[in-house]
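Here is the structure we will look at, set down as structure tokens.
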There are 2 protein chains.
Amino acid sequence: MVTGKKKTEMREDFSGKVSDETLRKLVGYNMKRAFNEVQADLVQVLQQFDLRMMTYSALILIVDNPGLRQSHLAEALAVERPNLVIIIDELERRGLIARERLISDRRAYALVATLPGRQLYENALRAVKAHETKIFGDLDDPETLKLIETLRQVERRARAR
Amino acid sequence: MVTGKKKTEMREDFSGKVSDETLRKLVGYNMKRAFNEVQADLVQVLQQFDLRMMTYSALILIVDNPGLRQSHLAEALAVERPNLVIIIDELERRGLIARERLISDRRAYALVATLPGRQLYENALRAVKAHETKIFGDLDDPETLKLIETLRQVERRARAR
DNA sequence: TCATAATGGTTATAAAATATAACTATAACT
DNA sequence: AGTTATAGTTATATTTTATAACCATTATGA
């Protein structure tokens, strides 16, 4: 549905020749369009594991930070706490992580990944890296590293406003 | 609310030291986080004109492409036609654009910007460019142009999947 | 110590963005 | 002329994101 003009569209019309020069000179617009396409492909990849982006991001941080609290996870992912609850609920319901009560603070949970959770983490990560390599080229290439560095700098400078 | 640890957080905890190395090695994640920050700032800028991102993007394309049809606009913005209707409705209600009936095809509208619409376009564009320069540096700098080119390439390669 | 404030997690809810099916009126095709 | 396709719309559902308010627990400080 991206391109491909049918016979009917061959009249005088704007198909495929709408001028979006003004928008395309704006970095933010290009970021949005590029990310949308990347995301669309990633969603496909993660669907094979019955994961969504945010769910998988949470799993990654829990695996990498055993004992993490929900509030720290929310801050690290830049998600509001209430919105994280259902995500943690799902990961727990699927047996990928566990909420362990703390003796030191009985309000909080220590989030820990289970073995199946760590396995899913690994398997999905392989697929995600393949997806990224396909789109961005080798993730260790100087070009790719430079892109990541630029994006992080943009993030910092935008947050500084 | 970004950083700033209160006295209470000084215990042994994960505040500000959650390891997100795995996520940060993924380009897509950095794109998402960077774009979120850019968008947050842009939203502030556009609020002064009572515009949202999509509404303003639509206005830009209508100003730059007088006589545009809604379906072509939808395709150019990668938005579903039904979702564009309310956006066009708003622009029309505010007197920024007009839906002009076509004699050649009485199903379609030719979208044209009004004088106030063109003026808002100009004023908002100045503010948006200032916002972008603040974050990305001069928009004509080779670095910025290179970033845009990279993003467009990413978009193409991701769409090719 | 006790009253107050703050924190971690949750619930409920709303707003916004996004997607799909189905409808109308017109137009194009054979 | 009859079928098919298109432009725009309506209705609707889903997802994402944000906000307020609550409960239980912990920290603060008079």
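Labels below follow one simple rule: chain letters A, B, ... track the order of the sequence lines, proteins then strands, and each chain is numbered from 1. The figures that follow rest on heavy atoms only: side chains count, while hydrogens, waters and symmetry mates do not.
- We find that CD1 of Ile87(A) is positioned 12 Å from P of dT10(C), with the value rounded to whole Å.
- At a cut-off of 3.5 Å, with distance as the only test, no side-chain donor of Arg69(B) or Tyr109(B) sits close to an acceptor on the other residue.
- Look at Gln70(A) and you won't find any side-chain N or O under 4.0 angstrom from OP1 or OP2 of dT7(C).
- Residues Asn36(A) and Arg33(A) bring no donor and acceptor atom of their side chains to less than 3.5 Å of each other.
- Thr144(B) pairs by the side-chain contact (heavy atoms from CB on, under 4.5 Å) definition with Val27(A), Phe136(B), Leu139(B), Asp141(B), not counting sequence neighbours.
- In this structure a side-chain-to-backbone donor-acceptor pair under 3.5 Å is present from Thr114(A) to Leu96(A).
- Considering only heavy atoms from C-beta on, Ile86(B) stays 4.5 Å or farther from Met54(B) through its side chain.
- Here dC23(D) presents its P atom at 16 Å from OH of Tyr109(A), a figure rounded to the nearest Å.
- Checking the phosphate oxygens (OP1, OP2) of dG9(C), a side-chain nitrogen or oxygen of Ser71(A) falls inside 4.0 Å.
- Look at CG on Leu68(B): it is 12 Å from P on dA7(D), rounded to the nearest Å.
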Walk me through it: do Asp50(A) and Thr55(A) pass the test side-chain contact (heavy atoms from CB on, under 4.5 Å)?
CA-CA 10 Å; Asp50(A) 197 15; Thr55(A) 316; over 6 Å; no
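- The distance between atom NE2 of His72(A) and atom P of dT7(C), rounded to the nearest whole Å, is 11 Å.
- In this structure dT14(D) sits in a base pair with dA17(C), meeting the Watson-Crick or G-U test at under 3.5 Å.
- The separation between Asp105(A) atom CG and dC23(D) atom P is 19 Å, rounded to whole Å.
- Within 4.0 Å of Arg101(A), counting heavy atoms only, lies no atom of the nucleic acid at all.
- The side chain of Arg107(B) sits closest to dA5(D) out of dT9(D), dA5(D), dT25(D).
- Below the 3.5 angstrom threshold, one finds no donor paired with an acceptor across the side chain of Arg106(B) and the base of dT26(C).
- Note: CD (Glu75(B)) to P (dG8(D)) measures 12 Å, nearest angstrom.
- Residue pairs meeting the salt bridge (Lys or Arg N to Asp or Glu O under 4.0 Å) criterion with at least one partner in residues 19-28 of chain A, sequence neighbours excluded, are Asp20(A)-Arg24(A), Glu21(A)-Lys25(A), Arg24(A)-Glu155(B).
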Nucleotide by nucleotide, nucleotides 12-20 of chain D touches protein heavy atoms under 4.0 Å in the pattern (B base, S sugar-phosphate only, - none) ----SBBBB
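- Distance, Ile88(B) CD1 to dT10(D) P: 13 Å, rounded to whole Å.
- For the pair Asp89(B) CG and dA16(C) C1', the interatomic distance rounds to 16 Å; values are reported in whole Å.
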